[in-house]
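These notes are about the structure you will find just below.
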Amino acid sequence: MRPFLRYIYIMQAFHEVIDLLFPHFCLVCGRRLGQSLLCSGCLPLQPVLDAPTRCTCCFSLTPDLDACGRCTLCRLYPLPFQRMRFLWSYEGQARDLISTIKYRPSFRLGKITAAHAATLFEPILHSGSWDLIVPTPTSRHSLWSRPFNLCLLLAKALQDSSPGAGVVSDSALLHHGCRAPQASLRPRERLRNVRHSFSARAHEVEGKSILLVDDVITTGATSAAAARALLLAGAAEVDLIALARASTWEQYRMKLYQE
Ligand SMILES: [Zn+2]
Ligand SMILES: [Zn+2]
């Protein structure tokens with residue numbers, strides 16, 4: 001086994017042991033609990049609801065939809081996705097929970113959250129099917145500080161909860177590394193940083209419908225670069241699903257998608 005993979009497995013095991021040793025406190029807020037890792041107050045239960053005034057493409061609320069249900073911005077600046085869906089706005093409980101999973105980090109909390117999210121995604125997954133469910137890969141740099149990929153945990157949970165939705169492939173999309181961690185950059189710098197970070201294996205994605213899985217959409221730079229790599233390799237279409245979307249995305253979508 002390569003040293004890097006050995007390190008990843010050891011770190012995952014280490015974090016599982018730590019989580020098992022301290023099971024009596026909520027991992028997010030620290031409140032004393034029974035055997036749970038997460039108190040009810042820290043688990044965002046209610047997803048963003050579908051509504052007739054949501055764009056069928058970007059899922060934003062707007063009264064100005066065309067006959068296909070698309071908003072003005074999606075008509076003028078088409079996204080690389082056919083549909084974008086997310087469970088929560090990236091604020092409050094959702095932000096605290098996802099930040100804890102990613103920056104604490106906690107593999108077990110990631111798995112719990114992925115399983116919970118997969119049940120909330122079921123209505124969306126039952127409305128379609130895809131050839132492949134593709135998690136957004138994480139950079140090697142990120143894996144050193146967080147030895148698991150939350151997007152992969154979510155993709156596997158989606159496949160488990162909705163077996164007809166598609167088959168997970170964590171080899172179709174490759175991450176070649178960024179010059180700097182995305183979280184350390186200002187929104188305007190993020191697209192440039194990840195623009196050439198992804199490539200897709202043509203023999204895996206050519207002609208396929210893809211459900212791309214991300215954890216948080218902040219500016220959308222990462223998911224846009226990943227989707228473009230899939231399309232460049234011949235994917236027929238890409239839909240995007242994520243745990244949460246930040247309001248930042250609304251501010252930067254035109255700048256990001258015009259480039
Ligand atoms: Zn809590
Ligand atoms: Zn839209």
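Both ligands and their constituent atoms are indexed starting at 1 by order of listing. The structure displayed is predicted, hence computed values, not measured ones.
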Inset, instruction - Can you label the angle between the H116 ring and the W88 ring as parallel, tilted or perpendicular, going by 30° and 60°? - result: parallel
Legend entry - Donor-acceptor pair between T138 and N149 side chains, under 3.5 angstrom: no
Inset, instruction - Indicate if the distance from the Zn ion (ligand 2) to the nearest N, O or S atom of C57 falls below 2.8 Å. - result: no
Legend entry - Angle at the Zn ion (ligand 2) (to 10°), with one arm to SG of C71 and the other to SG of C58: 110°
Inset, instruction - Among L212, L211, I210, L230, find the residue that satisfies the side chain to side chain contact (heavy atoms under 4.5 Å, CB included) test when tested with L132. - result: I210
Legend entry - Apex the Zn ion (ligand 1) - arms SG from C26 and SG from C29 - angle rounded to 10°: 110°
Legend entry - Atom pair CZ/OG of R201 and S169 - distance to nearest 0.5 Å: 8.5 Å
